[in-house]
Amino acid sequence: MSRDDLEGHLEFFGELGVDGLRLDAEWRGRAADRREFADAAAPPAAPVERSASPAATLVAIRADLGDCTRCKLHGLGRRQIVFGVGNPDADLMFVGEAPGADEDIQGEPFVGRAGQLLTKIIEAIGLRREDVYIANVIKCRPPGNRNPEPDEVGQCEPFLFRQIDTVRPKVIVALGKFAAQSLLRTTDPITKLRGREYRYREAILMPTYHPAYLLRTPSAKRQVWDDMRRVRAILGGE
Ligand code: URA
């Protein structure tokens, strides 16, 4: 970890008001006690493309996507498709909503201000950005960052499902209301969804607040920190 990375990491802890880490087993117990599995009404896992390596399969899925024109977003000013990035064998996957302006320019999810905060969040549980896999429900930037529309989600989410079924993470963190609602097929508010764990495809899905919301509402960082400690406990990182 570079000096800059370390500074960012400590700054995030400082912003959270974290002055020390609990390394005892109590936490792990709490995580298990609080797990309220709710099976999500999501399409079943595909009969997966498991003969090739996950890395090769992701390349094939990206090739299938091609220069996608399946929905209207291709004609509404997107510069490029933002597919996903990270470790094809990751135990932890983050799913956001859709690319913003920075992601549309750079072709990588979560590289703007919210993305930089996400990187700090990942580092705060002892992982590096390249250890996890990061993708969005929607692969093209909606104009003016408007919410994705149902037909756009319908065309795009099968590619996310294939990414999930290829990476086969143990834990999926849904970032924000849109990703959580769309993965879980619910209209429940994020305040109700977060803090719970859902069985989702072959993973445990945990909704939490979107990093862009944390930039506007720093007081919510404490809850995200709680969620991330639970992620770390599930992954056995304590
Ligand atoms: N917000 C998202 O939901 N996804 C990104 O990739 C960037 C910002």
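One-based numbering, in listed order, for ligands and for the atoms of each.
Counting heavy atoms closer than 4.0 Å to ligand 1, residue Glu97 contributes atoms from both its backbone and its side chain.
Of the protein's non-hydrogen atoms, the one nearest atom 1 (N) of ligand 1 is His210 NE2, 3.2 Å. Among protein heavy atoms, atom 5 (C) of ligand 1 sits closest to Ala98 O, 3.4 Å.
Annotation for ligand 1: atoms under 4.0 Å from non-hydrogen atoms of Pro109 are 6 (O). Taking a cut-off of under 4.0 Å to the non-hydrogen atoms of Gly96, the atoms of ligand 1 that pass are 3 (O).
Residues passing the salt bridge (Lys or Arg N to Asp or Glu O under 4.0 Å) test with Asp91, sequence neighbours excluded: Lys170.
Between Asn136 and ligand 1, at least one N/O pair is under 3.5 Å apart. In terms of polar-atom proximity, defined here as any N/O pair under 3.5 Å, Gly100 makes no such contact with ligand 1.
Here the NZ atom belonging to Lys192 is positioned 4.0 Å from the CG atom belonging to Asp188, to the nearest 0.5 angstrom.
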Pair up each side-chain donor or acceptor in residues 72-85 with any protein partner under 3.5 Å, not counting sequence neighbours, and list the distances.
residue	atom	partner	partner atom	Å
Lys72	NZ	Glu149	OE1	2.9
Lys72	NZ	Asp151	OD1	3.0
Lys72	NZ	Asp151	OD2	2.8
Lys72	NZ	Glu152	OE2	2.9
His74	ND1	Cys71	O	2.7
Arg78	NH1	Cys68	O	2.8
Arg78	NH2	Asp67	OD1	2.8
Arg78	NH2	Cys68	O	3.2
Gln80	NE2	Asp104	O	3.1
Gln80	NE2	Ile105	O	2.7

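With contacts defined as side-chain heavy-atom distances shorter than 4.5 Å, the pair Pro142/Asn147 does not qualify.
Each of Ile138, Leu183, Val153 was scored for a side chain to side chain contact (heavy atoms under 4.5 Å, CB included) with Leu160, with one residue passing: Leu183.
We find that Asp165 and Arg162 are not joined by a salt bridge, their nearest charged nitrogen and carboxylate oxygen being 4.0 Å or further apart.
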